[in-house]
Undergrad: 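Pasting a structure here, questions to come.
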Number of protein chains: 2
Amino acid sequence: MDCCKNKDYTIDNEQLAHFAKALGHPARITILNFLGAMDSCYFGDLHNELPIAKATVSQHLKELKEAGLIQGEIEGPRVKYCINRENWEKAKDSFDVFFDSCKVKATCCD
Amino acid sequence: MDCCKNKDYTIDNEQLAHFAKALGHPARITILNFLGAMDSCYFGDLHNELPIAKATVSQHLKELKEAGLIQGEIEGPRVKYCINRENWEKAKDSFDVFFDSCKVKATCCD
DNA sequence: AATACTGTTCGTATTTTTGCGAACAGTATC
DNA sequence: GATACTGTTCGCAAAAATACGAACAGTATT
């Protein structure tokens with residue numbers, strides 16, 4: 001019986017999966033693309049780019065914020081969003097390492 | 001009323017989100033890391049690396065297969081899994097382009 | 001052909017995600 | 001201070017993801 005395996009996921013794998021999960025929805029990808037391409041990044045602009053209700057947009061933004069990929073800043077009555085540079089690089093690096101470390105060997109499945 | 005927005009996500013964004021979603025679980029990251037590092041990649045080996053039931057492992061493998069990131073091949077009574085090179089490169093490129101195209105501008109949020 | 005081994009599929013339970021409208025809180029304007 | 005505007009939070013519904021054991025199907029061995 002394999003009742004005593006007690007294996008856990010590594011912190012790195014958890015972190016990468018967490019980043020990936022945050023990117024795992026087209027609305028959130030669209031948001032990040034928009035934030036990367038534009039200078040003005042108010043909530044309304046983002047909402048305008050997306051085919052979903054503002055409550056839902058707000059929720060996606062919350063998730064991206066919790067993943068650390070973006071940050072928001074209150075500006076008068078509006079909220080300005082932008083990419084969190086530090087964590088963005090961290091995520092980029094994580095994916096880079098992951099895709100490289102999984103370099104396929106010639107001996108596998110050939 | 002914004003009832004006529006009719007905006008859709010682009011194919012590219014959908015595709016990237018789909019890849020990201022497939023990577024959005026530590027078990028699947030672990031599987032891919034293992035497949036990238038080992039030559040032998042039978043189901044049993046993968047199951048042995050993970051703290052979850054075999055039915056669940058099989059399900060994660062199915063998802064990775066459906067995302068196109070891995071492929072399985074029946075070998076006698078066992079099943080040999082490996083990374084799908086072609087789509088692996090495609091995913092890697094998608095993430096590369098994404099992270100680069102979202103290069104943060106100096107004017108945003110500073 | 002019975003047995004052992006390997007992995008998938010099925011049925012189900014639980015949790016999480018996604019989505020929306022309504023209500024709310026804050027700022028600005030009249 | 002009423003009104004308009006902006007965005008978040010709340011409450012809820014529907015769908016998807018995660019997980020498991022049991023049952024199954026296939027191969028190999030006895």
Side-chain angles (χ1 to χ4, degrees), chain A residues 1-9 13-14 17-31 34-35 40-67 70-82, chain B residues 1-9 13-14 17-31 34-35 40-67 69-82 109:
Chain A
M1 308 42 182
D2 42 26
C3 58
C4 311
K5 289 219 279 178
N6 197 28
K7 272 160 216 148
D8 239 358
Y9 302 117
N13 284 354
E14 295 263 19
H18 191 223
F19 278 139
K21 197 169 192 174
L23 300 181
H25 192 289
R28 296 195 286 270
I29 293 289
T30 304
I31 287 170
F34 192 76
L35 288 183
S40 74
C41 25
Y42 295 109
F43 175 90
D45 303 321
L46 294 168
H47 177 218
N48 226 278
E49 283 298 301
L50 298 167
I52 49 182
K54 60 181 182 170
T56 310
V57 174
S58 203
Q59 216 169 304
H60 283 303
L61 289 169
K62 195 178 177 186
E63 276 184 71
L64 288 172
K65 224 185 319 181
E66 275 165 8
I70 66 171
Q71 60 201 60
E73 180 187 348
I74 296 172
E75 202 171 83
R78 295 184 289 177
V79 180
K80 188 175 188 179
Y81 281 100
C82 66
Chain B
M1 306 45 177
D2 42 26
C3 58
C4 310
K5 288 219 280 178
N6 196 28
K7 274 160 215 148
D8 239 359
Y9 302 117
N13 284 354
E14 296 262 20
H18 191 222
F19 279 138
K21 197 169 193 174
L23 300 181
H25 192 289
R28 296 195 286 270
I29 294 289
T30 304
I31 288 169
F34 192 76
L35 288 184
S40 73
C41 26
Y42 294 109
F43 175 90
D45 303 322
L46 294 168
H47 177 219
N48 226 277
E49 283 296 301
L50 298 168
I52 50 182
K54 61 181 181 169
T56 310
V57 174
S58 202
Q59 217 169 304
H60 282 303
L61 289 168
K62 194 177 175 186
E63 275 185 71
L64 288 171
K65 224 186 320 183
E66 275 166 7
L69 292 171
I70 66 170
Q71 60 201 60
E73 179 188 349
I74 296 172
E75 202 171 82
R78 296 184 286 178
V79 179
K80 190 175 187 178
Y81 279 99
C82 66
C109 281

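Order of the sequence lines fixes the chain letters, A, B, ..., with proteins taken first and strands second; residue numbering starts at 1 for each chain.
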Undergrad: Is any side-chain N or O of B:T56 closer than 4.0 Å to OP1 or OP2 of D:dC20?
TA: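 Yes.
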Undergrad: Take atom OH of A:Y42 and atom P of C:dA28, then tell me their distance rounded to the nearest Å.
TA: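 These atoms are roughly 12 Å apart.
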Undergrad: So which atom in B:A67 and which in B:A22 form the shortest heavy-atom distance, rounded to 0.1 Å?
TA: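 Heavy atoms of B:A67 and B:A22 come nearest at CB-CB, 3.6 Å.
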Undergrad: Classify the nucleic acid contact of B:K65 as base, sugar-phosphate or nothing, counting any heavy atom under 4.0 Å across all strands shown.
TA: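 Since no nucleic acid heavy atom lies under 4.0 Å of B:K65, the category is nothing.
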Undergrad: Would you say the side chain of B:L23 lies within less than 4.5 Å of the side chain of A:L23, judging by non-hydrogen atoms?
TA: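 No - every pair of side-chain heavy atoms lies 4.5 Å or more apart.
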Undergrad: So if I take every side-chain heavy atom of B:Y81 and compare against C:dT8, C:dT18, D:dT9, which nucleotide ends up nearest?
TA: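 Nearest to the side-chain atoms of B:Y81, counting from C-beta on, is C:dT8.
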Undergrad: Base contacts versus sugar-phosphate-only contacts with protein, heavy atoms under 4.0 Å: please encode nucleotides 24-30 of chain D as B, S and - from 5' to 3'.
TA: ---SS--
Undergrad: Relative to the 5' end of DNA chain C, which residue comes earlier, B:R78 or A:A53, by the nucleotide with the nearest heavy atom?
TA: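 Nearer the 5' end of the strand: B:R78.
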Undergrad: Nearest whole Å is fine: how far is C:dG21 P from A:I52 CD1?
TA: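 For the pair A:I52 CD1 and C:dG21 P, the rounded distance is 12 Å.
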Undergrad: Side chains of A:H60 and A:I52, heavy atoms from C-beta outward: is any pair under 4.5 Å?
TA: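 SC-SC contact between A:H60 and A:I52 confirmed.
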Undergrad: When all nucleic acid strands are considered with a 4.0 Å heavy-atom cut-off, which category describes B:Q59: base, sugar-phosphate, or nothing?
TA: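 Touches a base.
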Undergrad: Could you tell me how far apart A:R28 (CZ) and C:dG19 (P) are, to the nearest whole angstrom?
TA: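 Atom CZ in A:R28 sits about 8 Å away from atom P in C:dG19.
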Undergrad: Round to a whole Å and report the spacing from NE2 of B:H60 to P of D:dA16.
TA: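 From B:H60 NE2 to D:dA16 P: 18 Å.
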Undergrad: Are any non-hydrogen side-chain atoms of B:F34 and B:C41 less than 4.5 angstrom apart?
TA: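 They are not in contact (no side-chain heavy atoms under 4.5 Å apart), so the answer is no.
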Undergrad: What pair of heavy atoms forms the shortest contact from A:Y81 to A:L35, and how long is it?
TA: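 Scanning both residues completely, I find the closest heavy atoms to be O-CD2, 3.6 Å.
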Undergrad: Between D:dG7 atom C1' and A:I70 atom CD1, what is the distance in whole Å?
TA: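 My rounded result for the distance is 13 Å.
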Undergrad: Mind calculating the distance between NE2 (B:H25) and P (C:dT15) to the nearest angstrom?
TA: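 Answer to the nearest Å: 15 Å.
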Undergrad: Closest approach of B:A17 and A:H25, non-hydrogen atoms and distance?
TA: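 Reported closest heavy-atom pair: CB-C, 3.6 Å.
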Undergrad: Expressed as a whole number of angstroms, how long is the span from B:K21:NZ to C:dT17:P?
TA: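 These atoms are roughly 10 Å apart.
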Undergrad: Rounded to the Å, how far apart are B:L64 CG and D:dT18 P?
TA: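 Going from CG in B:L64 over to P in D:dT18 covers 11 Å.
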Undergrad: Nearest heavy-atom pair of B:Q71 and B:K65: which atoms, and what distance?
TA: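 Smallest interatomic distance, heavy atoms only, reads CA-CG, 4.2 Å.
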